[in-house]
Amino acid sequence: MSFPLLTATAALPAIGAIATAAVPAARRTAAKWLALLFSLATLVLAGVVLARFEPGGARYQLTESHAWIKDFGVRYELGVDGIGVALLALTALLIPFVMLAGWHDADPLETKSSRWRPTQGFFALILMVEAMVILSFEATDVFLFYILFEAMLIPMYFLIGGFGDRAHTGSDENAAAQRSYAAVKFLLYNLVGGLIMLAAVIGLYVVAGTFSLSEIAEARASGSLSMATGTERWLFLGFFFAFAVKAPLWPLHTWLPNAMGEATSPVAVLITAVVDKVGTFAMLRFCLQLFPEASKWATPVILVLALISIVYGALLAVGQRDIKRLIAYASISHFGFIILGIFAMTSQGQSGATLYMVNHGISTAALMLVAGFLITRRGSRLIADYGGVQKVAPVLAGTFLIGGLATLSLPGLSPFVSEFLVLVGTFSAYPAAGIVATSGIVLAALYVLVLYQRTMTGPVKAEVQGMADLKVRELVVVLPLVALLIFLGVYPKPLTEIVNPAVQHTMSDVHKKDPQPEVEAAK
């Protein structure tokens, strides 16, 4: 029996979470280093998975399959395609940076409202989220995926509600109330989506007689499984609703600004750069593969919702006074681009959407973590409380600028490649949608450059006069992310080679081919 590499990649952070939680309360530093060690070991295993994955090989590789709940046909089935392995690697890469950035975020405070702040719990919860997200990218059994889709909400709820941002402008009591509200809203929105998905999962089993993604796909390809049009559409809507909440897609997005605003900056990165990617990933793996005809039926409405997300998120980002909420609304706009690329149903659009998931994770992590370092120094999230930072902390300001430029998809940085492919793929199939989506680029330039101008340039405010520049630990967090943004912006081939074959499989699932350009005959 071969070594269960995929299981090990998910099990290692889960074991690390248990070990970290078991460290005695007085040994906080030891718990931090133990958690970081497990996250680095997981990154090494993820690297092995990436190295063993063959882009031109079978659709799902490194597969594992074991009976789990025989009476209900539930199996423990794992496998990764090019999209899953790319997102698995992204998750494993970001978690060590999240931990280093939040190294002191869970240290005990003397204020009454922060009495529940065990360091061990904070790092253990991060590892538990990592384990569940990685396993969700590997799961090829629909029921197993559903369990993970719901279970990851619990540690995230405690990370948002129990370890909130210390830079709150109100009283301690108000800060605790805001954290509680954000955590409950996050949980309720996603639980409702998950419950609707559960009904669809049960309906799928009644129709197909199995939860195995590969078995259902084979049965549909051979013609032995056919769904009535109405049944397929209702099942599709059940799955898509849950994924649209997680993504998040307008108008199901309202939990995200609250959650990212009240969470610590590393947890905010965990939300939007890691957990939310499960929603867009699942649209590709489950919606398009299981319900191809319903996916095409719903495309016009989904494209409209994606366009609203792009423009609405960008417009609200322009008007924000809170740095973290601005980044949250920018992410809503970016998720609109991802969903637009998925449902444009072109190979360029879906390749761009997958690259966008990876590159958005890196760029948002860079921008949000540097913003977190800035907020920690000043003790405020309000843009108006800053000014002239680049004169007293030039390295901080420089990395903040690079993260911002990546967010607006500047050519030469990795998100540009993603956005360009999404727009090309959308223009070729839906020119009007492509034109509307382009307005999001203009608005992105506006909110990013205005944010930088108001915080980093101009006269040095008295409150930031003595602000320290980035320290060694913070540079270790930021510089690798900046290097990745530049490297993948100049040379995206390593990612595209992994992703493109998986995209072709998805295009085959929905029986779509790229539109051929109209060429006028020479006179």
Side-chain angles (χ1 to χ4, degrees), residues 6 10 49 53 55 58-65 75-91 132-150 152 193-194 197 200-201 204 208 210-221 232 235-247 249 274-296 298 302 335 338-339 341-343 345 347 349-351 353-358 498-510 512:
L6 297 185
V49 171
F53 183 81
R59 180 172 190 174
Y60 294 110
Q61 300 179 32
L62 306 175
T63 55
E64 301 173 30
S65 181
R75 298 186 63 81
Y76 176 79
E77 285 191 348
L78 305 180
V80 286
D81 61 358
I83 300 168
V85 78
L87 293 174
L88 184 155
L90 171 70
T91 302
M132 293 178 181
V133 170
I134 286 176
L135 202 56
S136 70
F137 291 141
E138 299 171 345
T140 56
D141 181 276
V142 178
F143 189 80
L144 173 62
F145 174 83
Y146 168 76
I147 294 296
L148 297 164
F149 187 83
E150 291 287 80
M152 70 179 68
M197 180 183 169
V201 168
L204 178 65
T210 179
F211 291 112
S212 172
L213 187 64
S214 58
E215 290 180 7
I216 296 173
E218 288 175 5
R220 297 211 67 168
E232 181 174 343
L235 293 178
F236 167 85
L237 290 174
F239 277 81
F240 181 80
F241 183 85
F243 303 153
V245 173
K246 183 85 79 179
L249 178 68
V274 176
V275 173
D276 286 355
K277 297 300 187 297
V278 176
T280 47
F281 162 79
M283 291 178 188
L284 281 165
R285 172 165 284 189
F286 296 101
C287 286
L288 269 61
Q289 187 172 349
L290 293 175
F291 315 110
E293 297 306 318
S295 297
K296 290 186 284 188
I302 295 172
F335 275 104
I338 294 171
I339 296 170
I342 292 172
F343 284 90
M345 301 288 187
S347 59
Q350 291 189 357
S351 293
T354 305
L355 293 178
Y356 216 133
M357 291 186 229
V358 176
I498 294 172
V499 165
N500 286 343
V503 167
Q504 293 304 320
H505 285 298
T506 305
M507 291 286 291
S508 176
D509 290 334
V510 293
K512 294 284 286 186

Partner residues of A294 under the side-chain contact (heavy atoms from CB on, under 4.5 Å) criterion, sequence neighbours left out: E232, R233, F236, F291
Once rounded to the nearest 0.5 Å, what's the spacing between atom OG of S347 and atom CE of M507? 5.5 Å
Please report the closest heavy-atom contact between G238 and A200, naming both atoms and the distance. CA-CB, 3.9 Å
Step by step, would you call E138 with L62 a side chain to side chain contact (heavy atoms under 4.5 Å, CB included)? CA-CA 10 Å; E138 299 171 345; L62 306 175; over 6 Å; no
Is there side-chain contact between F335 and K277, with at least one heavy-atom pair below 4.5 Å? yes
Once side-chain contact (heavy atoms from CB on, under 4.5 Å) is applied, do any residues pair with S508, and if so which ones, sequence neighbours excluded? none
Kindly indicate whether the side chain of H505, heavy atoms from C-beta on, has any atom under 4.5 Å from the side chain of Q289. no
To check you understand the geometry: which heavy-atom pair defines the closest contact between G194 and A242, and what is its length? N-CB, 4.3 Å
Got I339 and M283 here, is their nearest side-chain heavy-atom distance under 4.5 Å? yes
Under the salt bridge (charged side-chain N to carboxylate O under 4.0 Å, His left out) test, which residues partner D141, sequence neighbours left out? none
Atom CG in L135, atom OH in Y76: separation rounded to 0.5 Å? 5.0 Å
Stepwise side chain to side chain contact (heavy atoms under 4.5 Å, CB included) test for F211 and V201: CA-CA 8 Å; F211 291 112; V201 168; 3.5 Å; yes
Determine the minimum heavy-atom distance between S351 and N500, stating which atoms define it. OG-OD1, 2.8 Å
Which residues pass the side-chain contact (heavy atoms from CB on, under 4.5 Å) test with Q61, sequence neighbours left out? F53, E54, A58
Rounded distance (nearest 0.5 Å) linking atom CG of L90 with atom CE of M357: 10.5 Å
Mark yes or no for whether R285, through its side chain, and A139, through its backbone, hold a donor-acceptor pair below 3.5 Å. yes
Taking the side chain as C-beta and beyond, is there a heavy-atom pair between F149 and K246 under 4.5 Å? yes
Residue pair V499 / A86: nearest heavy atoms and the distance that separates them: CG2-CB, 4.5 Å
Can you tell me how the ring of F281 sits relative to the ring of F145, calling it parallel under 30°, perpendicular over 60° and tilted otherwise? tilted
With sequence neighbours excluded, tell me which residues meet salt bridge (charged side-chain N to carboxylate O under 4.0 Å, His left out) with E150. none
Report the distance from atom CG of D81 to atom OG1 of T354, rounding to the nearest 0.5 Å. 9.0 Å
Which value, rounded to the nearest 0.5 Å, describes the distance between F137 atom CZ and I83 atom CD1? 11.0 Å
Gap separating the CD1 atom of I302 from the OG atom of S295, nearest 0.5 angstrom: 7.0 Å
Begin from the C-alpha positions of R59 and T506 and carry the test side chain to side chain contact (heavy atoms under 4.5 Å, CB included) through to its verdict. CA-CA 10 Å; R59 180 172 190 174; T506 305; 4.0 Å; yes
Of all the heavy-atom pairs spanning E77 and L144, show the shortest one and how long it is. O-CD2, 3.8 Å
Are any of the side-chain heavy atoms of E64 and R75 separated by less than 4.5 Å? no
Go through the steps to decide whether L78 and T63 satisfy the test side chain to side chain contact (heavy atoms under 4.5 Å, CB included), and finish with yes or no. CA-CA 5 Å; L78 305 180; T63 55; over 6 Å; no
List the residues meeting side-chain contact (heavy atoms from CB on, under 4.5 Å) with T210, not counting sequence neighbours, and say none if there are none. A208, S212, E215, I216
Run F343 and F240 through ring pair (Phe, Tyr, Trp, His ring centres under 6.0 Å) and show every step you take. CA-CA 12 Å; F343 284 90; F240 181 80; 5.7 Å; yes
Heavy-atom side-chain proximity of V278 to F243 below 4.5 angstrom: no
